[in-house]
Amino acid sequence: MTTAGDIMHRGAQWIPAHETLDRAAQLMRELNVGALPISDENERLCGILTDRDIVVGCVAMGHDPARVTAGEMAQGTPRWIDANADVSEVLGEMQGHQIRRLPVIENKRLVGMISEADLAAHLTEEQLAHWAESVYARTATR
């Protein structure tokens with residue numbers, strides 16, 4: 001059985017909810033990532049911040065990224081998967097919620113992230129095609 005822990009990218013880092021978006025952008029640059037899980041004061045997942053969120057939700061709206069926090073950008077119920085979950089559960093979670101990045105949690109701690117690149121490296125062509133069709137086809141109709 002292939003698990004979330006087998007396909008995830010290790011070394012994911014939180015951005016605390018109180019940190020500003022300019023700091024989040026700097027951390028994304030340092031880590032060479034396009035998304036960061038947002039943690040509350042107890043290091044619990046409270047959202048995910050993407051580079052697109054910063055640009056579209058802050059900068060394009062005329063807000064100052066040095067004054068807007070990651071927590072202010074957190075919307076909806078954050079999705080995650082346990083490190084021991086089967087890859088079929090990973091796909092179901094990502095497809096069902098139309099998400100392209102999924103934090104991986106083990107013992108209530110962030111241990112990694114699963115992104116499109118991780119799926120492409122570990123799935124069969126058939127699995128990947130089905131995932132892409134289900135995530136992107138519905139997105140395009142919005």
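Quick caveat: nothing in here was measured; it's all calculated off a predicted structure. Positions are given from 1 along the sequence.
I38 and W80 fall into different hydrophobic clusters, defined by Ile, Leu, Val, Met, Phe, Trp and Tyr side-chain heavy atoms under 4.5 Å apart, directly or through other members. Using a 4.5 Å cut-off between side-chain heavy atoms of Ile, Leu, Val, Met, Phe, Trp and Tyr, with links allowed through other members, V90 and I105 fall into different hydrophobic clusters. In the hydrophobic clustering of ILVMFWY residues, with side-chain heavy atoms under 4.5 Å counting as a link, L31 and M73 come out together. Transitive grouping of hydrophobic side chains (ILVMFWY, heavy atoms separated by less than 4.5 Å) brings L27 and V68 into a common cluster. Hydrophobic clustering places M8 together with L119 (ILVMFWY residues linked when any side-chain heavy atoms are closer than 4.5 Å, directly or through intermediates).
Contact between W14 and R44 at its shortest, heavy atoms only, is CH2-C, 4.1 Å. Closest approach of A70 to P16, counting heavy atoms only: CB-O, 4.0 Å. The nearest pair of heavy atoms linking I99 to W131 is O-CZ2, 3.9 Å. For the pair M61 and V56, the tightest heavy-atom approach, listed with the atom from each and the gap, is CG-O, 3.4 Å. Smallest separation of non-hydrogen atoms from A83 and V104: CA-CG1, 3.5 Å. For A74 against C46, the heavy-atom pair with the smallest separation is CB-O, 3.5 Å.
Around the CD atom of E30, the shell of radius 6.0 Å holds more than 12 heavy atoms that belong to other residues, nucleotides or ligands. Residue M1 places its CE atom among more than 12 non-hydrogen atoms of other residues, nucleotides or ligands, all under 6.0 Å distant. Heavy-atom neighbours of H63 NE2 from other residues, nucleotides or ligands within 6.0 Å: above the threshold of 12.
Atom NE2 of H18 sits about 9.0 Å away from atom OG1 of T20, to the nearest 0.5 Å. E89 CD to D86 CG: the interatomic distance, rounded to the nearest 0.5 Å, is 6.0 Å. Taking CD of E133 as the reference point, atom CD of Q95 lies at 9.5 Å (rounded to 0.5 Å). The NZ atom of K108 sits 14.0 Å away from atom CG of L45, with the distance rounded to the nearest 0.5 Å.
Between D118 and S115, the closest side-chain pair of non-hydrogen atoms falls below 4.5 Å. Residues M28 and L36 meet the side-chain proximity criterion, which asks for heavy atoms closer than 4.5 Å. Between D53 and C58, the closest side-chain pair of non-hydrogen atoms is not below 4.5 Å. Between R101 and T50, the closest side-chain pair of non-hydrogen atoms falls below 4.5 Å. In this structure the side chain of P103 reaches within 4.5 angstrom of the side chain of I48, judged on heavy atoms. Side-chain contact between D82 and E106 is absent, with no heavy atoms from C-beta onward closer than 4.5 Å.
Residues satisfying the side chain to side chain contact (heavy atoms under 4.5 Å, CB included) test with A66, not counting sequence neighbours, are D22, D64. For A12, the side chain to side chain contact (heavy atoms under 4.5 Å, CB included) partners two or more places apart in sequence, or in a different chain, are L110, M113. Remark: T2 engages D6, I7, V87 in a side chain to side chain contact (heavy atoms under 4.5 Å, CB included) (not counting sequence neighbours).
Salt-bridge annotation for E72 and R67: absent, with no side-chain N of the basic residue lying under 4.0 Å from a carboxylate O of the acidic one.
Here the side chain of H97 pairs no donor or acceptor atom with the backbone of E93 at under 3.5 angstrom.
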